[in-house]
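Input: a single structure, listed below in structure tokens.
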Amino acid sequence: MITSSYGQESEPTLLLKFKSSLQNSTSSSSLGNWNLLVPLCTGNNSNWNGLLCFKGKFYGLHLESMGLSGNLDVDTLSQLTNLLTMSIMNNNFEGPFPNVKKIGGRLRGVFLSNNRFSGELPDDAFVGYIERLMGNGGKNEKGGNLKSSFVP
């Protein structure tokens, strides 16, 4: 198996590190099949639950409605330079909105709705992203203000 490396760690290793920051990620219905011995992708099909693939390459996380909670390890996600889209909608994440700007790289779509995130987001949190939080980030906890960068 050939994998791309980013610095010292391969994509599969980074994804497993990200998974370790989550709770309820070991059940077979969520991320239980993530395994270093299995390639991430075969053609356009993912071999790991919740991954998006195109032509044998990983490009996104589709972790919707998996009952996940815990911390989003944005430091690890930031090392996945091919990450284009991430959806964690309909889970149980809580606390302050993750600093998705820190992920940077090629990330173009972020979907956070129907979790329990709270607090304020900076005006420029999603500047430059194709998909904005306003259309896909509703139904989180109240108490913070959505800034102008979320207006489509």
(request) Please answer: with hydrophobic residues joined when any side-chain heavy atoms are less than 4.5 Å apart, are Leu15 and Leu52 in the same cluster? (result)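 Cluster IDs for Leu15 and Leu52 differ.
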
(message) Do Tyr59 and Leu16 land in one hydrophobic cluster if side-chain heavy atoms of ILVMFWY residues count as linked below 4.5 Å?
(response)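 Each belongs to a different hydrophobic cluster.
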
Where do [X] and [Y] come nearest, in terms of heavy atoms and distance?
{"X": "Asp75", "Y": "Gln79", "value": "O-NE2, 3.5 Å"}
{"X": "Leu68", "Y": "Ser30", "value": "CD2-CB, 4.3 Å"}
{"X": "Cys53", "Y": "Ser46", "value": "SG-CA, 3.6 Å"}
{"X": "Arg106", "Y": "Leu84", "value": "O-CD2, 3.3 Å"}
{"X": "Val110", "Y": "Leu107", "value": "CG2-CD2, 3.6 Å"}
{"X": "Leu14", "Y": "Glu9", "value": "CD2-OE1, 3.5 Å"}

Within a strict 4.5 Å, meaning less than it, do heavy atoms of the [X] and [Y] side chains meet?
{"X": "Met66", "Y": "Leu22", "answer": "no"}
{"X": "Lys55", "Y": "Asn44", "answer": "yes"}
{"X": "Cys41", "Y": "Phe54", "answer": "no"}

Heavy-atom donor-acceptor pair, [X] side chain to [Y] backbone, under 3.5 Å:
{"X": "Asn91", "Y": "Phe93", "result": "no"}
{"X": "Asn33", "Y": "Asn47", "result": "yes"}
{"X": "Asn82", "Y": "Lys57", "result": "no"}
{"X": "Ser21", "Y": "Asn71", "result": "yes"}
{"X": "Trp34", "Y": "Pro12", "result": "no"}

(request) Going by the side chain to side chain donor-acceptor pair (under 3.5 Å) test, name the single residue among Glu94, Gln23, Arg116 that passes it with Ser69. (result)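 Result for side chain to side chain donor-acceptor pair (under 3.5 Å) with Ser69: Gln23.
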
Approximate separation, where rounding is to 0.5 Å, of [X] [atom1] and [Y] [atom2]:
{"X": "Leu40", "Y": "Asn35", "atom1": "CG", "atom2": "CG", "value": "10.5 Å"}
{"X": "Met86", "Y": "Leu112", "atom1": "CE", "atom2": "CG", "value": "6.0 Å"}
{"X": "Leu63", "Y": "Leu31", "atom1": "CG", "atom2": "CG", "value": "5.5 Å"}
{"X": "Leu77", "Y": "Thr81", "atom1": "CG", "atom2": "OG1", "value": "12.0 Å"}
{"X": "Asn49", "Y": "Leu61", "atom1": "CG", "atom2": "CG", "value": "12.0 Å"}
{"X": "Phe18", "Y": "Leu72", "atom1": "CZ", "atom2": "CG", "value": "5.5 Å"}

(request) Under the side chain to side chain contact (heavy atoms under 4.5 Å, CB included) rule, what do Leu80 and Glu11 come out as? Steps first, then yes or no, please. (result) CA-CA 7 Å; Leu80 293 167; Glu11 277 182 329; 4.2 Å; yes

